[in-house]
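Taking it in order: structure first as structure tokens, then the write-up.
Since we're looking at a predicted model, the values are computed, not measured. Side chains included, hydrogens not; waters and symmetry mates left out as well; all remaining heavy atoms used.
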Amino acid sequence: FVLSFDLNGHYLSDILRLKNKNISMTEVGWKIEFVRYKTKRHAIPVSIYPTDLGMQLITKYGSVNKSRPNDFIFPFLANAHTEIQINDRINDINYRANMGLRMVTEELGLPHTTMAQARHTYASFQCENGRSLMDIQMDMGHANPTTTQGYINSLRISAMMQSKAIKEQLYKEVI
């Protein structure tokens with residue numbers, strides 16, 4: 001979840017498909033460039049400068065080896081040769097990640113969270129901190145700003161419902 005959020009909320013399917021050729025060291029730090037798998041027909045390139053924490057997670061769980069540009073950074077897809085094998089592995093890993101998140105959030109008494117929510121969280125957090133819709137759209141690799149707005153609005157509705165519940169609790173205590 002943290003790595004997905006750090007990589008502009010990109011889905012686990014795109015993160016697992018990253019190859020060594022997608023990552024490079026620039027004068028300002030590490031840079032990841034790719035075209036989202038889901039929207040590859042639109043061919044919108046995404047560029048991400050991961051944080052130090054993001055790079056720590058990539059190096060801890062993956063392997064950046066520039067001498068092998070077509071190898072996956074993360075080992076999960078290493079022996080998957082067909083698109084069906086890749087998709088099956090990604091679905092399995094996503095399922096396991098969501099189950100792990102469910103266990104963690106239940107243990108902490110937090111609302112149920114999924115990997116997909118990292119994308120919504122990223123979009124909403126960026127918006128709430130003053131980034132333009134167009135910048136967030138580019139970060140997320142969306143062809144249409146309406147799609148980006150949907151990510152922001154879905155979490156916004158949830159936040160408004162939480163706000164309502166807090167106000168109702170306050171009213172019960174005060175009135």
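- A donor-acceptor distance shorter than 3.5 angstrom exists from the side chain of N87 to the backbone of E83, with no hydrogens or angles considered.
- Atoms CD1 and CZ, from I15 and F76 in turn, are 11.0 Å apart once rounded to the nearest 0.5 Å.
- The hydrophobic cluster around V28 extends to Y49, counting ILVMFWY residues whose side-chain heavy atoms fall within less than 4.5 Å of a member.
- Between F34 and H10, some side-chain heavy-atom pair lies under the 4.5 Å cut-off.
- Considering OG1 of T105 and CZ of F1, their distance stands at 10.0 Å, rounded to 0.5 Å.
- A distance of 9.0 Å separates CD of Q126 from CG of D135, quoted to the nearest 0.5 Å.
- Of the possible polar contacts, none joining the K19 side chain to the R68 backbone as a donor-acceptor pair under 3.5 Å is found.
- Annotation for K60: atom NZ does not count as buried by contact number, only 12 or fewer foreign heavy atoms lying within 6.0 Å.
- With hydrogens and angles disregarded, no donor-acceptor distance shorter than 3.5 Å links the side chain of N94 to the backbone of I90.
- Listed for the D71 side chain is no donor-acceptor partner under 3.5 Å among the backbone atoms of A78.
- Residue T147 holds its OG1 atom at 11.0 Å from CD1 of I152, rounded to the nearest 0.5 Å.
- Contacts of D14 classified as salt bridge (Lys or Arg N to Asp or Glu O under 4.0 Å), with partners at least two apart in sequence or in another chain: R36.
- The ring-ring contact (aromatic ring centres under 6.0 Å, His included) check on F72 picks up nothing, with sequence neighbours excluded.
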